[in-house]
K.L.:
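Have a look at this one before I ask anything.
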Amino acid sequence: MDRIVVVGAGQAGASLCARLRAKGYTGALTLIGAEPVPPYQRPPLSKAYLLGEMPVERLYLRPESFYADQGIDLRLGAPVTGIDRDSRTVTVGDEVLHWDALALTTGSAPRRLPAAVGGGLDGVATVRTLADVDDMAPRFAEGARVLIVGGGYIGLEAAAVAAKRGLHVTLVEMNDRILGRVAAPETAEVFRTLHRDAGVDLREGVGLDRLLGEDRVEAARLTDGTEIPVDFVIAGVGIAPATDLAEAAGLEIADGIATDEMGRTSDPNIWAAGDCASFPWNGGRLRLESVGHAIDQAEAVADNMLGAGTPYVAKPWFWSDQYDTKLQIAGLNAGHDRVVRRAGKAGSVSFWYFAGDRLLAVDAMNDPRAFMVAKRLIEAGRSPDPDAVADPETDLKALLA
């Protein structure tokens with residue numbers, strides 16, 4: 001291959017390019033990003049960066065000089081508008097670039113509130129890009145009134161930052177409880193208590209009916225009929241894989257850009273990795289949204305682009321920081337029928353998800369030891385005795401024996 005083009009300059013794209021060079025690829029390598037800044041970390045955007053605890057330079061995954069030093073043609077503020085599979089080209093502005101192999105690491109995009117309910121009003125924000133956070137940061141003034149729509153991790157993390165900054169925070173979740181799709185009631189209760197203790201007006205089973213205002217948002221009517229005054233709104237209603245380019249190019253789509261176990265799409269010369277891609281998993285398909293997965297899959301795809309022929313095996317893990325609590329998650333809890341609670345030291349706690357006697361996942365709050373032990377067990381396909389897990393006298397290291 002004389003030329004590889006990577007579309008999407010996020011965590012996966014940057015990792016894929018670095019891996020190609022590390023594995024000895026010496027051909028032309030172009031990394032194209034729609035945003036005008038070098039590849040950066042997204043998780044700190046809504047936490048340390050928004051709190052003013054991290055300068056923008058520390059967000060960058062690598063110094064911009066790294067890309068020039070590695071012979072990576074980094075093109076920023078340059079959205080790709082089309083892929084031509086027959087001629088093996090991508091269109092970037094007025095330029096057409098040839099490729100021998102193409103990798104799509106286009107990531108995901110935030111779901112937005114519909115215009116029909118006021119989502120187009122000034123003062124309605126999402127939390128995904130550096131520009132999103134820079135735009136909303138001036139609104140985080142002490143005493144401001146913010147409505148957060150959505151009780152998943154995005155919404156809860158935004159609520160934690162807002163509360164710490166002294167804002168009046170209302171969070172609505174239209175389902176019966178927060179974290180309803182991703183965590184057990186036990187985990188949800190920990191975070192419900194944290195937020196209410198911090199002064200967040202957390203309302204479950206209540207959604208947004210519509211936002212009120214002429215040009216900018218001034219109030220919100222909720223589904224229970226109440227109206228509350230707001231200065232701005234954050235939509236934390238999830239993200240969707242960025243598949244527009246792939247769809248327009250005629251690639252197979254299945255909850256993201258469909259890839260095989262090597263990371264190859266329905267076109268053998270096009271690969272995909274990260275949030276935008278789904279891959280075979282336990283007889284079905286899986287798409288993951290996490291930093292760890294983006295790095296691991298991108299590196300696996302880079303290896304396979306160079307001929308390794310090694311199937312990607314996901315090892316899911318995630319984290320969320322809220323107030324002084326770090327939640328670490330290993331595995332996937334889908335299909336669990338039992339949750340085992342383990343009390344740790346100094347108020348830490350972990351919840352272990354089992355299907356029968358098989359360990360599927362763990363949610364560990366301020367308990368990195370429980371997280372690491374469970375992660376190692378899950379990745380090894382081993383399951384401890386649930387009763388031993390629940391017993392605080394059991395030495396966690398003994399579960400690995």
Side-chain angles (χ1 to χ4, degrees), residues 1-17 19-20 25 27-35 39 75 78-93 95-111 128 238-290 293-314:
M1 290 180 292
D2 293 328
R3 185 180 188 91
I4 294 176
V5 171
V6 181
V7 179
Q11 183 76 68
S15 298
L16 195 152
C17 288
R19 182 73 164 197
L20 286 170
Y25 174 69
L29 180 56
T30 300
L31 175 60
I32 306 173
E35 294 182 63
R75 303 196 178 201
V80 172
T81 56
I83 298 169
D84 188 320
R85 293 164 53 192
D86 293 330
S87 64
R88 294 194 190 179
T89 58
V90 295
T91 301
V92 188
E95 190 174 4
V96 176
L97 299 178
H98 173 77
W99 47 266
D100 296 302
L102 177 68
L104 300 177
T105 54
T106 48
S108 52
R111 300 184 189 276
R128 184 61 182 168
I239 58 179
T243 60
D244 289 354
L245 277 174
E247 289 185 63
L251 298 178
E252 181 183 347
I253 305 297
D255 183 28
I257 304 169
T259 71
D260 64 13
E261 59 187 2
M262 305 296 174
R264 185 182 275 112
T265 72
S266 54
D267 184 318
N269 299 303
I270 302 178
W271 307 71
D275 287 7
C276 67
S278 67
F279 55 94
W281 176 266
N282 292 342
R285 300 198 68 79
L286 179 65
R287 187 177 62 82
L288 295 173
E289 301 165 357
S290 76
H293 163 70
I295 295 170
D296 292 347
Q297 188 183 32
E299 292 184 346
V301 167
D303 292 352
N304 289 331
M305 292 177 78
L306 299 179
T310 304
Y312 172 63
V313 178

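We count residues from 1, following the sequence as given.
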K.L.:
When you look at Asn304 and Thr310, which way does the side-chain contact (heavy atoms from CB on, under 4.5 Å) test go after all the steps?
P.N.:
CA-CA 6 Å; Asn304 289 331; Thr310 304; 4.0 Å; yes
K.L.:
Is the backbone N or O of Val96 less than 3.5 Å from a side-chain atom of Thr89, with the two atoms forming a donor-acceptor pair by type?
P.N.:
no
K.L.:
At their closest point, which heavy atom of Leu20 faces which heavy atom of Ala302, and how far apart are they?
P.N.:
CD2-O, 3.7 Å
K.L.:
Determine whether Arg75 and Leu97 make a side-chain contact, defined as any pair of heavy atoms from C-beta on separated by less than 4.5 Å.
P.N.:
yes
K.L.:
Enumerate donor-acceptor pairs with a distance under 3.5 Å from any side-chain N or O in residues 242-257 to protein atoms, sequence neighbours excluded.
P.N.:
residue: Thr243; atom: OG1; partner: Glu247; partner atom: OE2; Å: 2.7
residue: Asp255; atom: OD1; partner: Arg287; partner atom: NE; Å: 3.3

K.L.:
Grab the two heavy atoms, one from Ser290 and one from Asp275, that are nearest each other, plus how far apart they are.
P.N.:
N-OD1, 3.8 Å
K.L.:
Out of curiosity, Arg111 CZ to Ile239 CD1, how far, rounded to the nearest 0.5 Å?
P.N.:
8.5 Å
K.L.:
So, for Gly263 and Val301, which heavy atoms are closest and what is the spacing to 0.1 Å?
P.N.:
CA-CG2, 3.9 Å
K.L.:
What's the separation between atom CG in Leu102 and atom CG in Asp267, rounded to the nearest 0.5 Å?
P.N.:
8.5 Å
K.L.:
If you measure from OG1 on Thr30 to CD1 on Ile32, what distance do you get to the nearest 0.5 Å?
P.N.:
6.0 Å
K.L.:
For Gly10 versus Pro39, what's the shortest heavy-atom pair and its separation?
P.N.:
O-CB, 4.1 Å
K.L.:
What are the two closest heavy atoms between Ala103 and Leu16, and how far apart are they?
P.N.:
CB-CD1, 3.9 Å
K.L.:
Can you tell me which residue among Val6, Val7, Ile4 is in a side chain to side chain contact (heavy atoms under 4.5 Å, CB included) with Leu31?
P.N.:
Val6
K.L.:
How long is the span from the CZ atom in Arg3 to the CZ atom in Arg88, to the nearest 0.5 Å?
P.N.:
14.0 Å
K.L.:
Describe, in one word, how the ring planes of His293 and Tyr312 are oriented to each other, choosing from parallel (under 30°), tilted (30 to 60°) and perpendicular (over 60°).
P.N.:
tilted
K.L.:
For the atom pair CH2 (Trp99) and CG (Asn269), what is the distance rounded to the nearest 0.5 Å?
P.N.:
5.5 Å
K.L.:
Under a 4.5 Å cut-off applied to non-hydrogen side-chain atoms, are Leu306 and Met1 in contact?
P.N.:
yes
K.L.:
Closest heavy-atom contact between Ala258 and Ser278?
P.N.:
CA-OG, 3.7 Å
K.L.:
Can you tell if the side chain of Arg19 reaches within under 4.5 Å of the side chain of Tyr25, non-hydrogen atoms only?
P.N.:
no
K.L.:
To the nearest 0.5 Å, how far apart are CZ in Arg264 and CE in Met305?
P.N.:
9.5 Å
